[in-house]
Amino acid sequence: MTADGGPTLRIDIVSIFPDYLSALDLSLIGKAREDGLLDVHVHDLRDFTHDRHRTVDDTPYGGGAGMVMKAGPWAEALDHVVAQHDSNERSARPHLVVPGPSGVPFTQTKARQLAEEGWLAFACGRYEGIDERVYEHARETLGLHVSVVSLGDYVLNGGEVAVLAMVEAIGRLVPGVIGNAESLVEESHEDGLLEYPLYTKPREWNGREVPPILLSGNHAAIAAWRHEQRLARTAARRPDLLHVSHGDSQVEITAATPGDVPELNVLFKACWVQEALLNDTLDIPALSESLADVRASLDSTQTWVARKAGRLVGAVRTSRQEDDWFIGRLCVVPDLRGQGLGRRLLEHAESSAPDGIRTMSLYTGARSADNLRMYRKAGYRLSSEAADMPPGAVRLTKRRRR
Ligand code: JD8
């Protein structure tokens with residue numbers, strides 16, 4: 001707990017180069033540590049060796065180039081980290097993050113997920129990597145959640161630089177670390193475009209003028225210019241991020257028709273594969289459903305689709321179960337999440353409820369943190385389990401407002 005009672009993120013880092021991580025004493029992250037928002041502990045892997053040479057590596061079984069990090073020191077180091085648990089801590093066990101070029105990409109979404117944990121442990125490998133049995137020990141003996149995460153598609157010599165980047169990206173998302181609340185609000189529009197160019201005083205420097213529009217005081221014109229700049233920059237540097245949804249067209253919600261079925265099928269699969277990964281289950285109806293099942297569901301439920309510039313960007317369906325209005329399949333394409341579209345679809349589904357409906361209900365994954373947060377904000381609360389619930393799912397309900 002911090003002085004004002006807020007939660008702390010504990011971070012343990014194990015490395016053979018603990019000095020590499022001294023950069024975490026500096027700047028914003030160093031300040032957050034002083035303020036007690038981050039509690040960072042760096043451990044030297046060699047402290048968990050018992051031979052005179054403090055050996056941490058050996059030759060690979062099966063042959064091949066280079067050396068492999070031995071299981072023994074790693075297991076002892078992780079046992080030591082896990083034993084640091086004290087009753088003040090938010091989590092009983094750390095989530096173990098192992099940087100590696102074969103990991104899942106480290107993204108802003110991943111940073112956001114990891115910032116919600118109470119305790120993270122990072123294992124910095126070197127050489128060719130770590131004996132696979134260390135991961136098994138962490139999962140099976142210590143009961144840790146283990147994520148192998150890659151900083152990006154290029155080759156580093158070890159995990160330390162990746163940990164510096166990840167801790168900075170995660171740390172700044174911990175409430176209180178960035179004092180200026182606006183810095184995070186600014187980012188939260190998250191429309192997937194690159195930033196606009198920046199200028200500061202003096203107005204003329206080395207014969208170069210600031211673009212006159214920025215001095216005009218016309219806020220609407222400035223916003224439009226900046227948006228243009230963002231689009232142009234994104235097109236030039238990251239064309240992979242550009243698509244029709246970046247136009248200024250509005251989202252329209254209409255009743256689904258049979259012509260929507262192929263796209264709906266793809267949207268459902270894309271959305272529920274993510275749910276499956278989050279919740280460790282493949283037993284999700286949306287994943288095993290065929291095109292014909294999706295077609296048939298248009299007759300048994302009311303399905304709504306959201307389109308932007310013709311692109312299918314979201315959906316929701318409703319069905320009546322006595323006096324309950326069941327809302328299902330609420331989904332939004334990944335790149336347009338966090339902009340209120342899910343909330344709009346939810347409100348659309350709610351407002352389509354006929355007379356006689358007394359409760360609204362829906363299912364979501366017990367570990368789908370973003371969904372749970374949105375539903376909670378919309379007034380939904382956990383309710384008793386229904387009979388035929390898919391595993392890993394929870395039921396949420398709210399009373400209809402009259
Ligand atoms: C951890 C050892 C080096 C890995 C042979 C040379 C992350 N985006 C990233 N690129 N590289 C890493 C990374 C590299 C590492 C280790 C992270 C531990 N190496 C090895 C296997 C192939 N090289 C990374 N995150």
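When reading the values below, keep in mind they use all heavy atoms of this one structure, side chains included, and skip hydrogens, waters and symmetry mates. All ligand and atom numbering here is 1-based and tracks the order in the structure.
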Exercise for the section: List the closest protein heavy-atom neighbour of atom 2 (C) of ligand 1: residue, atom name, distance to the nearest 0.1 Å. Expected result: Tyr127 O, 3.2 Å

Exercise for the section: State the CZ-CD distance between Phe268 and Glu275, to the nearest 0.5 angstrom. Expected result: 13.0 Å

Exercise for the section: State, without any angle test, whether Ser361 and Asp324 hold a side-chain donor-acceptor pair at a distance under 3.5 Å. Expected result: yes

Practice task
Return yes or no for this condition: an N or O of Gly152 is under 3.5 Å from an N or O of ligand 1.
Solution key: yes

Handout entry: Distance under 6.0 Å and angle within 45° of ring axis: Arg329 vs Trp272
Key = yes

Exercise for the section: Indicate, as side chain, backbone, both or neither, the part of Asp153 found under 4.0 angstrom from ligand 1 when only non-hydrogen atoms are considered. Expected result: neither

Problem - Test item: Met374 and Ser368 side chains (from C-beta on) under 4.5 Å apart, heavy atoms - result: no

Problem - Leu151-ligand 1 polar pair, N/O distance under 3.5 Å - result: yes

Handout entry: Pick from Gly100, Pro99, Ser102, Pro101: the one approaching atom 4 (C) of ligand 1 most closely through a non-hydrogen atom
Key = Pro101

Problem - Ligand-side contact atoms (ligand 1) for residue partner Arg126, heavy atom cut-off under 4.0 Å - result: 2 (C), 18 (C)

Practice task
Scan side-chain atoms only and decide if Ser22 and Asp19 contain a donor-acceptor pair under the 3.5 Å cut-off.
Solution key: no

Practice task
Indicate whether the side chain of His50 and that of Glu76 have a donor and an acceptor atom separated by less than 3.5 Å.
Solution key: yes

Exercise for the section: Select one of side chain, backbone, both or neither to describe which atoms of Phe106 lie under 4.0 Å from any atom of ligand 1, heavy atoms only. Expected result: neither

Practice task
Please check if any side-chain donor atom of Thr301 sits under 3.5 Å from a side-chain acceptor atom of Thr303, or the reverse.
Solution key: yes

Problem - Asp44/Arg46 salt bridge by N-O under 4.0 Å criterion - result: no

Exercise for the section: Pick one of side chain, backbone, both or neither for how Glu128 approaches ligand 1, counting any non-hydrogen atom pair under 4.0 Å. Expected result: both

Practice task
Within a distance under 4.0 Å of any heavy atom of Val149, pick out the atoms of ligand 1 and give their elements.
Solution key: 25 (N)

Practice task
Give the contacting part of Ala162 toward ligand 1: side chain, backbone, both or neither, where contact means a heavy-atom distance below 4.0 Å.
Solution key: side chain

Practice task
State whether the shortest distance between N or O atoms of Tyr154 and N or O atoms of ligand 1 falls below 3.5 angstrom.
Solution key: yes

Practice task
Can you figure out which of Leu156, Ile130, Val163 has its heavy atom closest to atom 3 (C) of ligand 1?
Solution key: Leu156

